[in-house]
K.L.:
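Take this structure, written in structure tokens, and hold onto it; I'll ask about it next.
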2 protein chains.
Amino acid sequence: MKGKLVDKKELSTEGKIKEAARKVFQQKGYAATRTRDIAEEAGINLALLNYYFRSKKNLFDIIMLETVSSFVQSMTTLLNNEDTSLEKKVELIVSHYIDFFTQDPNIPIFMMSELRDNSDGLIDKLQINQVVMDSVFFKQYREAAEKGEVAVSNPMHFLMNLLGQIIFPFIGKPFLKGIGGLNDKQFNSMMQERKKLIPVWMETMVEVTR
Amino acid sequence: MKGKLVDKKELSTEGKIKEAARKVFQQKGYAATRTRDIAEEAGINLALLNYYFRSKKNLFDIIMLETVSSFVQSMTTLLNNEDTSLEKKVELIVSHYIDFFTQDPNIPIFMMSELRDNSDGLIDKLQINQVVMDSVFFKQYREAAEKGEVAVSNPMHFLMNLLGQIIFPFIGKPFLKGIGGLNDKQFNSMMQERKKLIPVWMETMVEVTR
DNA sequence: TTTTGATTTAAACAAATGATTTAATCAATT
DNA sequence: AATTGATTAAATCATTTGTTTAAATCAAAA
């Protein structure tokens, strides 16, 4: 009745096309998506897609930009919280992105496979490097490193580990489900467990001196 | 002069097509690959592709089966070495796959994105679950868990962590390169560092009792 | 040399697909 | 009710793309 984000009928035609495009693109990727798939999913006539968005590529670019932007935006917010410790930030990041990807499990593979070669320079355009490297989080990390509280030589390793622990399960899902004989419910349950486990693992990893 | 695997000119036409298909499919994925791309890459007439392999889909299935099989095959060998400890196995797995994916960096995204929904049941067909769960490695892991030497509740978490540490950097490469301002050489250098780091991290992670 | 079967080539076909056109329909305003 | 502009539907176009056809070429056997 009242839900704007749930009830498709309250979306404008333009909005319906965009939501359908998001769904189909994220599920099948750019090349495997037919404009007719999007039109059908949106419940609109094919011509409308070009009427509102000019071309398939243009529509895709909009979806991709929004998808990556929302990822980067929340990352920016989480990394620059002045009021939380390093450890708390890790907790919040883990929790946020596990919930985020549990809701839209296709986003990791979608982003990674479509940005394979970063051909249109989207990553550079969004200045992800500054977002991460100039963040409060990394300032805190470097301070802790100076005090000797943290011993992972290169902060990029720390980042690879953190993101890998969070994102990889969603990417390797078909393999992992096959190996562990898991259904969707069991998989999601494990991801919820990881909200508590990953921060602990990150903590111990970081303390290794070698 | 003598190298079979290096010198394309010594490959049969069928072999040239297969190698070209492997390269293009792994780089661009099934849907984005044109049969003409493969023909051009192989330096052969387009009709030969269908002459030797019947259809694009059939050729793709062959490449995909070989790719996943070689992954599973080496995994099977490494997991079932009777003469090495748990710790040594982790070392060998890390080292092997980092070298393997450094040589063919497209394989992780290729496998993961094309097996998204595991639609043709390839994963089940290869019985990856038995390969992993019935392995010497997991027997050793469960024994160590009984002795209390290992404290990660679910061995699937251990697997997610191990594979994530190894594979995720290759999948998130465009992001990570962007964030860290890395070139290919620096990226590969970090991956070589991880050969030593990941086993240590896995060790410490596993000891956490919580 | 002739023959025979395998291999290769150039050309063409048919279906799929992104995009456009043209006219009909709808909703709001006068 | 009539008008007007926005929205929608159906048909069509032009190109791409997987596949096939038919003939030419090559290599080995007879």
K.L.:
Rounded to whole Å, please give me the gap between CD in E40(B) and P in dA10(C).
P.N.:
14 Å
K.L.:
Run the numbers on F170(B) and T102(B) for side chain to side chain contact (heavy atoms under 4.5 Å, CB included), then give the verdict.
P.N.:
CA-CA 8 Å; F170(B) 293 101; T102(B) 296; 3.7 Å; yes
K.L.:
How long is the line joining CD1 of I17(B) and C1' of dT7(C), in whole Å?
P.N.:
11 Å
K.L.:
From C-beta outward on A47(A), which listed nucleotide comes closest to its side chain: dT9(C), dT19(D), dT20(C)?
P.N.:
dT20(C)
K.L.:
Rounded to whole angstroms, how far apart are CG on N45(B) and C1' on dA23(D)?
P.N.:
13 Å
K.L.:
For F71(A) and F175(B), take the angle between the two ring planes, folded into 0 to 90°, and tell me which bin it lands in: parallel under 30, tilted 30 to 60, perpendicular over 60.
P.N.:
perpendicular
K.L.:
Side-chain polar contacts of residues 105-115 of chain B - donor-acceptor pairs under 3.5 angstrom, sequence neighbours left out - could you list them?
P.N.:
residue	atom	partner	partner atom	Å
S113(B)	OG	I109(B)	O	2.6
E114(B)	OE2	Y30(B)	N	2.8

K.L.:
How long is the line joining NZ of K56(A) and P of dT20(C), in whole Å?
P.N.:
15 Å
K.L.:
Grab the CG-P distance between D37(A) and dT17(C) for me, whole Å please.
P.N.:
8 Å
K.L.:
Atom CG of N50(A) to atom C1' of dA9(D): distance rounded to whole Å?
P.N.:
14 Å
K.L.:
Mind listing the closest non-hydrogen atom pair of T84(A) and Q140(A) along with its distance?
P.N.:
O-NE2, 3.1 Å
K.L.:
Would you mind telling me which of dT8(D), dT8(C), dG18(C) lies closest to the side-chain atoms of L48(B)?
P.N.:
dT8(C)
K.L.:
Check nucleotides 13-16 of chain D against the protein and report each pair of N or O atoms closer than 3.5 Å, with its distance, or say if there are none.
P.N.:
none

K.L.:
Under 4.0 Å between a side-chain N/O of T35(A) and OP1 or OP2 of dG18(C), yes or no?
P.N.:
yes
K.L.:
According to the side-chain hydrogen bond (donor to acceptor under 3.5 Å, both in side chains) rule, which pairs have a member within residues 117-128 of chain B, sequence neighbours left out?
P.N.:
N118(B)-D124(B)
K.L.:
Can you classify the ring geometry of F137(B) versus F158(B) as parallel (below 30°), tilted (30 to 60°) or perpendicular (above 60°)?
P.N.:
tilted
K.L.:
In whole angstroms, how far is the P atom of dG18(C) from the CG atom of D61(A)?
P.N.:
15 Å
K.L.:
Taking only Lys NZ, Arg NE, NH1 and NH2, and the carboxylate oxygens of Asp or Glu, determine whether E19(B) and K16(B) approach each other closer than 4.0 Å.
P.N.:
no
K.L.:
Between Y52(A) and dT8(D), is there a contact of a side-chain N or O with OP1 or OP2 at under 4.0 Å?
P.N.:
yes
K.L.:
Counting the atoms with a prime plus P, OP1 and OP2 as sugar-phosphate, which does L46(B) contact under 4.0 Å by heavy atoms, base, sugar-phosphate, or nothing?
P.N.:
base
K.L.:
Does dT8(D) have OP1 or OP2 sitting under 4.0 Å from an N or O in the side chain of T13(A)?
P.N.:
yes
K.L.:
Below 4.0 angstrom from OP1 or OP2 of dT8(C), is there any side-chain N or O of Y51(B)?
P.N.:
no
K.L.:
What is the distance, rounded to the nearest whole Å, between atom CG of L49(B) and atom C1' of dT8(C)?
P.N.:
14 Å
